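As structure tokens, the structure follows; a few thoughts come after it.
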Amino acid sequence: HHPFLLDEYPFNRNKAGVPFHRNFAKIGLDSTHSKHISFLELLDVPTIGNKSENLNRFYDLVSVSHLEYIEDLILGEGRKLFFIPNGVLNDIKLLGKTHRVFESINLTNRNERRYSQLVGGNRIQQIYHFSAWQIHGQIDEIRSDIFSWLRNPK
């Protein structure tokens, strides 16, 4: 699941997706967790790098049908815990207005350090992005949230 961490990865191990995947791997998840845990990305294509390097390209890659799929997952009855970085929450708010999706997800009260919202039987939990240096201080908290959710998803 972490191709950037393979020994044969031929590129710089300090750039692109490598720090992201290295930090993500520290949580210790496996495929058995995927039914109830989601780390949300808004694009349905693989990417590396920072979207701010080419914001127009990011918006060109946005798929409305994929956004609707994500909205259905969040609003559905899957008992999922969605971890979403602040920047992605900002994009959800902006894309929601542009494409009329995510309208029933309240993102207005996000001034807290740690935004969290229950939506049906699912929870949205704000985290730092896995490529951000701040994620190092949040890994244990994310792991704890996951295993608490799996024991008692309320």
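Excluded from the calculations below are hydrogen atoms, water molecules and symmetry mates; all remaining heavy atoms, backbone and side chain alike, are included. Please read all numbers here as calculations on a predicted model, not as lab measurements.
Here CD1 of I27 is found 11.5 Å from OG of S144. Values are rounded to the nearest 0.5 Å. Considering NE2 of H66 and NE2 of H99, their distance stands at 12.5 Å, rounded to 0.5 Å. Taking CD1 from I92 and CZ from F102, the interatomic distance works out to 5.0 Å, rounded to the nearest 0.5 Å. The structure places CG of L73 at 8.5 Å from CG of L40, a figure rounded to the nearest 0.5 Å.
Annotation: side chain of F58 is in contact with side chain of D91 (closest heavy-atom distance under 4.5 Å). Inter-residue side-chain proximity for S116 and R123 is flagged as met; some heavy-atom pair is nearer than 4.5 Å. Side-chain contact check for H129 versus I135: every heavy-atom pair is 4.5 Å or farther apart. Counting heavy atoms from C-beta outward, I124 and L89 have side chains that approach closer than 4.5 Å. The shortest distance between side-chain heavy atoms of L61 and R57 falls below 4.5 Å. In this structure the side chain of L75 reaches within 4.5 angstrom of the side chain of I105, judged on heavy atoms.
N122 places a side-chain N or O within 3.5 Å of a backbone atom of K80 that can act as its donor or acceptor partner. Checking side-chain atoms of R151 against main-chain N and O of F147 turns up a donor-acceptor pair under 3.5 Å. Panel note: side chain H36, backbone R79; a donor-acceptor pair is recorded below 3.5 Å. Side-chain atoms of Q138 come within 3.5 Å of backbone atoms of Y128 as a donor-acceptor pair (strictly under, hydrogens ignored). One N or O on the side chain of T98 and one on the backbone of L94 form a donor-acceptor pair closer than 3.5 Å. Remark: the backbone N or O of D30 is paired with a side-chain donor or acceptor of H33 at under 3.5 angstrom.
There is no path of hydrophobic side-chain contacts, each under 4.5 Å, that joins W133 to F83.
Surrounding CZ of R143 are more than 12 heavy atoms belonging to other residues, nucleotides or ligands, all under 6.0 Å away. Within a 6.0 Å sphere centred on CD of Q134, other residues, nucleotides and ligands contribute more than 12 heavy atoms. By the neighbour-count criterion of 12 heavy atoms within 6.0 Å, atom OH of Y59 is densely surrounded, having more than that number from other residues, nucleotides or ligands.
The minimum heavy-atom distance between L29 and F39, with the atom names listed, is CD1-CE1, 3.6 Å.
In this structure, a donor-acceptor pair under 3.5 Å is present between the side chains of Q117 and Y115.
Between L42 and the choices I70, V62, I84, the side-chain contact (heavy atoms from CB on, under 4.5 Å) rule is met once, by I70.
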